[in-house]
Amino acid sequence: MLSKNKIKLIHSLEKKKNRLEEGLFVAEGPKLLSELLPAWTPTYIAATEEWLSKNSATLETMGGTAGGIEIDCVSPQELERASLMRTPQQVLALFKLPKSDVSLSEIAEKELCIALDTVQDPGNVGTIIRLADWFGIKHVFCTPETADIFSPKAAQATMGALARVRVHYLNLYGELKSCKAPIYGTHLDGSNIYENTLTPHGVIVMGNEGKGISEEIDSLVTNRLYIPPFPADRDKVESLNVAIATAIVCAEFRRRQGN
């Protein structure tokens, strides 16, 4: 049975300030949990009897309650009271916020990574993490002002990609300033991405939905890329959605690598 204190804690985690204070975030639904559970051990699970029965083997391999997981079997009505979703789906869990302990410069010199400069829409950030997973990009570095991937909406939008993509919030300018790898950025005055040399390592910087890449970070971009419309001379929208632009750029990088 869900206690009032537990419901209060879950609801408090809708706010970033409380997530940081508690060191926890909420993940909900069978799809998201099926992806996260093999990679991360939750501290708490509230689930219907049906979900617990289907996932008993997975929970046993993780140690269950003996492994430090607090588990409540709840009714759909109880889950609805605790859920942060409009339509609760059988299960919600609390996970510890992961700690960032890697260097952008070191990662970028070995492999391709993404940097988000104040991308503010949680749905866009979640979709970009999902894209990173699809294209085999293991690290995404974000400014502190970028939407929190551990918010309920953003985490849900990743569709479980959080299990494989590490997201880091840091001083992006400071990290990029010491980066010796190529730094790519998309610009309306850049050169055609399809005619540019693209390396299998480096940083792809994607900017804010309305303002693009900030001047400070733009000053560090070494390769300015442009996604051309087709045909080039017709009337068109002013720009692409940041998540769509990320998909196009990542697809071209990976196409050059042949995988």
Side-chain angles (χ1 to χ4, degrees), residues 1-16 18-102 122-123 125-134 136-140 148-169:
M1 180 176 176
L2 269 168
S3 69
K4 290 183 179 179
N5 284 340
K6 189 67 70 178
I7 293 174
K8 184 178 179 180
L9 170 63
I10 293 167
H11 286 181
S12 76
L13 298 177
E14 194 165 15
K15 294 183 178 180
K16 181 178 180 179
N18 296 329
R19 289 194 294 273
L20 293 176
E21 287 179 358
E22 298 290 344
L24 298 169
F25 73 99
V26 182
E28 295 195 53
K31 169 60 181 174
L32 185 54
L33 267 294
S34 69
E35 297 284 352
L36 291 181
L37 285 180
W40 295 355
T41 301
T43 61
Y44 174 75
I45 293 176
T48 61
E49 185 175 0
E50 178 185 359
W51 187 90
L52 290 172
S53 177
K54 287 181 180 179
N55 294 275
S56 59
T58 299
L59 295 175
E60 283 178 14
T61 61
M62 301 174 73
T65 54
I69 306 172
E70 183 184 353
I71 301 174
D72 278 334
C73 181
V74 299
S75 67
Q77 292 75 24
E78 285 180 296
L79 191 62
E80 186 174 358
R81 287 198 294 272
S83 175
L84 302 179
M85 298 175 64
R86 289 184 179 180
T87 307
Q89 298 177 15
Q90 297 186 323
V91 60
L92 68 75
L94 302 184
F95 291 87
K96 291 183 179 179
L97 290 173
K99 295 181 179 180
S100 178
D101 56 0
V102 301
V125 175
T127 300
I128 290 171
I129 303 308
R130 190 176 175 185
L131 286 166
D133 187 31
W134 184 262
I137 296 171
K138 300 174 184 177
H139 294 271
V140 176
D148 184 10
I149 192 60
F150 300 105
S151 71
K153 182 178 179 181
Q156 203 69 32
T158 70
M159 296 298 286
L162 270 176
R164 292 168 293 276
V165 179
R166 295 189 63 185
V167 184
H168 315 272
Y169 289 85

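These numbers were taken from a predicted model, which means no experiment stands behind them. What's counted below: heavy atoms across the whole structure, side chains too, no hydrogens, waters or symmetry copies.
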Taking all heavy atoms of [X] and all of [Y], pick out the closest pair and write down the distance.
X    : Y    : answer
R130 : A161 : CA-CB, 3.8 Å
L33  : A27  : CD2-O, 3.5 Å
I149 : Y169 : N-OH, 2.7 Å
V74  : A46  : CG2-C, 4.2 Å
G160 : L32  : N-CD1, 3.4 Å
I69  : P42  : CG1-O, 3.4 Å

- Message: Is it the case that the side chains of E28 and S83 hold a donor-acceptor pair, with the cut-off being a distance below 3.5 Å and no angle test?
- Response: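 Result is yes, a qualifying pair exists.
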- Task: With sequence neighbours left out, write down each residue that passes ring pair (Phe, Tyr, Trp, His ring centres under 6.0 Å) with F150, or none if nothing qualifies.
- Result: F25
- Query: With the threshold set at 4.0 Å, does a side-chain nitrogen-carboxylate oxygen contact exist between R164 and D133?
  - Reply: yes
- Query: Below 4.0 angstrom, N of the basic side chain to O of the carboxylate: do K15 and D148 qualify?
  - Reply: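 Between D148 and K15 there is no salt bridge, as every charged N stays at least 4.0 Å from the carboxylate O atoms.
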- Apply side chain to side chain contact (heavy atoms under 4.5 Å, CB included) to K54 and list each qualifying residue two or more places apart in sequence or on a separate chain.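 If we apply the side chain to side chain contact (heavy atoms under 4.5 Å, CB included) test to K54, skipping adjacent residues, the hits are E50.
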- Query: Is E49 atom CD crowded by more than 12 heavy atoms from other residues, nucleotides or ligands, each under 6.0 Å away?
  - Reply: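 Atom CD in E49 is not crowded, with 12 or fewer foreign heavy atoms closer than 6.0 Å.
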- Item | Pairing residues for D72 by the salt bridge (Lys or Arg N to Asp or Glu O under 4.0 Å) criterion, not counting sequence neighbours | none
- Message: I need the R81 CZ to L2 CG distance, nearest 0.5 Å.
- Response: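 The CZ atom of R81 sits 8.0 Å away from the CG atom of L2.
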- Item | CD on Q90 to CG on N55, rounded to 0.5 Å |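 The distance works out to 8.5 Å.
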- Task: Go through K138 and V165 one step at a time and tell me if the side-chain contact (heavy atoms from CB on, under 4.5 Å) criterion holds.
- Result: CA-CA 5 Å; K138 300 174 184 177; V165 179; over 6 Å; no
- Query: Passes side-chain contact (heavy atoms from CB on, under 4.5 Å), R19 versus L24? Steps please.
  - Reply: CA-CA 5 Å; R19 289 194 294 273; L24 298 169; over 6 Å; no
Does the [X] side chain pair with the main chain of [Y], one donor and one acceptor, at a distance under 3.5 Å?
X    : Y    : answer
E78  : S75  : yes
H168 : H139 : no
N18  : L13  : no

- Is there side-chain contact between T158 and T127, with at least one heavy-atom pair below 4.5 Å?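 Not touching, per the 4.5 Å side-chain cut-off.
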- Message: Would I129 and V167 count as a side-chain contact (heavy atoms from CB on, under 4.5 Å) here? Give the steps.
- Response: CA-CA 8 Å; I129 303 308; V167 184; 3.7 Å; yes
